[in-house]
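Here, residue 1 is the first one in the sequence, and each next residue gets the next number.
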Amino acid sequence: NLTIDKSYFSNESANFSVGTLTLTDSGNSLNSYIDVNTGAMTAANMTYTRTDGNTGQLCNALCTTANAGTLTVNGLATIAGNLKLYNDTSASFNDLTINSGTMTLANAARAIGTLTIAAGATLQVDNTLTLAKAGTSLVNNGTLSFAANGTDGTIRYAGAAAQTITGTTYRNLTTENASGLTASLSTIISRLWSLVAGLVSSAGNATMNTATTFSRTGGSLNVAPVFGTTVNVEYPQYGSAITTGPEIPTSATVLNNFTVNSTNNVTLNTDVTVNGAFNLTAGVLTATAKLSTVDAAGSVVRTTGYVVGGDNTTGGLEREFPTGAALTKKFDVGSATTYLPVTVTFDGSVTTAGTVKVAIVESQHPQIGTSGLTKTPTFYFRIDPSPGLVFTGTLSLEMTIPKNQFPAGIAFNNLSLGRFKDGAWTTYAVTVLAEDSNNITIKVSGITGFSNFVPGEGGGGSVATLMSFTPTAGALSIADAAD
C-alpha cells in the first residue's frame, strides 16, 4: 500500500505497483502530487480524500507535455474532494466512484468498470472519456460537465459487448460498439453525436438539441432521434460506403447543413431538403432513387464532390429559384466516374418561384437515333422544372464535359446540343467558352424550355421552322415549331 499525505511522489521511469493508493490533502497549503513521468503506475485500489475545498493533482506542474506515463487502477477508485488529472498523464480505471467534490479529467481516460457520480459530486470531462463496460457503465446521480471552452469533452461508448447509453446530457457523444448500444430515456446531445460502429437501438429515446451535428462514419440507428429546430448532418471520410438512414430528418425545415466528405461515397435513400450549406467536400452523393433539394436560402459549397444519379423520373440535384430577373445557379452533378457540372440561367425573369432539377442519366438517350447527332456520349442531361415554376424569356445552359466522354474522332468545332421535347428534337449551335486538352465548356442560349439534352456532333445547329413572316423596320421574329 502507498499513502501520500500532503507530499509529493514522482515515478520517473520504473513500472510501479501498489496495493491501495491513498492520497490525503486536507489542511495543507501543499497538494499531494503524483507525477507519473514515464513508465506505469498500477494500483489495486485508490482512495482520494480532501475536505478543504482545494484541488489536488495527479501529475503536478513539474510534469511536461512529453511525459508518457500511465496511471492504472485495477480495482475501485474512490474520490472525495477535488482532484484533477492533468494533460500529461493518461489514466485507466476499473470502477470509479466520485462521492463528493469535482474530479476533472483533463486528458483522455478510460473506465473499464462502472463510473458512478454520486449526488452532489461532479465529473468534468475536458477531453475524451471512454466507457468500456458491458451493460450500464455510467451512473450519474450528480453532475456531468465538460470543458469551459464550449467544444471539448466527449463520452465515448466503445465496449466489446453490448452497452446501454445512460440517460444524461452529453456535449459530444461517440457510439463505437460493434456489438450494439441501447439509448436510454433522457439521452440528450448538446453539440455532436458521432456514430462510428454498431446499431443503436431505441434511438428515439435520444434528443438532438437545436443546432447540433450528427456525424456518421459507420453504424446505424433503428429509428430517428428527436430533433430540435435544426440539425446538421455530415458524413466524414471513413473506410466504407454509407447509405443514409434515420439520421436524416423527414421534415423539410429541420436539416440545416449537409456535408458529404467521403471518397468511399454516400448513397441517399430519402428525400432531403437542405436549408443551410450543402457541402460537397469529397466523394459522390448517389441519389438514384430519391431527391436531393437545396432550399433557396441555402448554398452549395463544392470542393471535389458532386451528386450522381438519375433516370427518367427520379434522382438528381434540385435547387429552388425565387422570383427575380437574370437568375443563375450551378448544379454540381455527374456520372459515377465523371464530374459534369451544369449552370442554368434564366435570361428573363422568374415570375413564380419553383425548382429546377438536374440529373445525369447514364445511358444513350432512347431516341438518339432520330436526333441527327453523331458521336454522342453514353449519358444525357435531364433538366426538369417543378410544375409551378413560371418564367418569361429564354434559358441559357452552360456545361463542362471531359473530352474523353465523347467517341474518338469527334470534331469539337462541329458540336451541337440536342433537346428532345414532346417527341421531337431541336438542335442548337453552341458557343465554346473554354477548351483545353481535357475539357470543353459550352454554352447554349435562347432555349425556351426544359427537357432532355444531348451534346454531339452535327445536327445542323439551331433548327427552326418559319411560322410567320411580317416585314417591318424592326427585328425579325422566328418561332420554333417544337415549342
Could you check whether any side-chain N or O of T182 sits under 3.5 Å from a backbone N or O of T164, counting only pairs where one atom can act as donor and the other as acceptor? no

What pairs of donor and acceptor atoms, side-chain ones from residues 198-211 against any protein atom, are under 3.5 angstrom apart with sequence neighbours left out?
from : atom 1 : to   : atom 2 : distance (Å)
N205 : ND2    : A183 : O      : 2.9
T210 : OG1    : T229 : N      : 2.9

Distance-only, no hydrogens or angles: does the Y306 side chain make a donor-acceptor pair with backbone N or O of F331 under 3.5 Å? no

Name each donor-acceptor pair under 3.5 Å that joins a side chain in residues 190-197 to protein atoms two or more places apart or in another chain, with its distance.
from : atom 1 : to   : atom 2 : distance (Å)
S190 : OG     : Y170 : O      : 3.2
R191 : NH1    : N172 : OD1    : 3.1
W193 : NE1    : T175 : OG1    : 3.1

Donor-acceptor pair, side chain of S386 and main chain of T355, under 3.5 angstrom: yes

Report the residues that fulfil side-chain contact (heavy atoms from CB on, under 4.5 Å) with N265, sequence neighbours left out, ordered by chain and then residue number. V284

Any chance you could measure L96, atom CG, to N94, atom CG, to the nearest 0.5 Å? 10.0 Å

Just how far is it from atom CG of L340 to atom CD1 of I360, taken to the nearest 0.5 Å? 5.0 Å

Looking at P322 and E320, what are the two nearest heavy atoms and their distance? CD-O, 4.0 Å

Minimal non-hydrogen separation, F453 against I383, with atom names: CD1-CD1, 3.9 Å

Look at the rings of F346 and F321 and say which category their plane angle falls in: under 30° parallel, 30 to 60° tilted, over 60° perpendicular. perpendicular

Which pairs pass salt bridge (charged side-chain N to carboxylate O under 4.0 Å, His left out) with one or both residues in residues 219-236, sequence neighbours excluded? none

Is there a side-chain hydrogen bond (donor to acceptor under 3.5 Å, both in side chains) between T130 and R110 once you walk through the steps? CA-CA 5 Å; T130 297; R110 179 180 178 86; 5.0 Å; no

If you apply the rule side chain to side chain contact (heavy atoms under 4.5 Å, CB included), what do you find for E398 with L433, and how did you get there? CA-CA 9 Å; E398 183 180 323; L433 300 180; 3.5 Å; yes

Results of side chain to side chain donor-acceptor pair (under 3.5 Å) for T345 - residues two or more places apart only: T328

For residues 145-154, dump all side-chain donor-acceptor pairs below 3.5 Å to protein atoms at least two apart in sequence or in another chain.
from : atom 1 : to   : atom 2 : distance (Å)
N149 : OD1    : T151 : N      : 3.0
N149 : OD1    : T151 : OG1    : 3.4
N149 : OD1    : D152 : N      : 3.0
N149 : ND2    : D152 : OD2    : 2.7

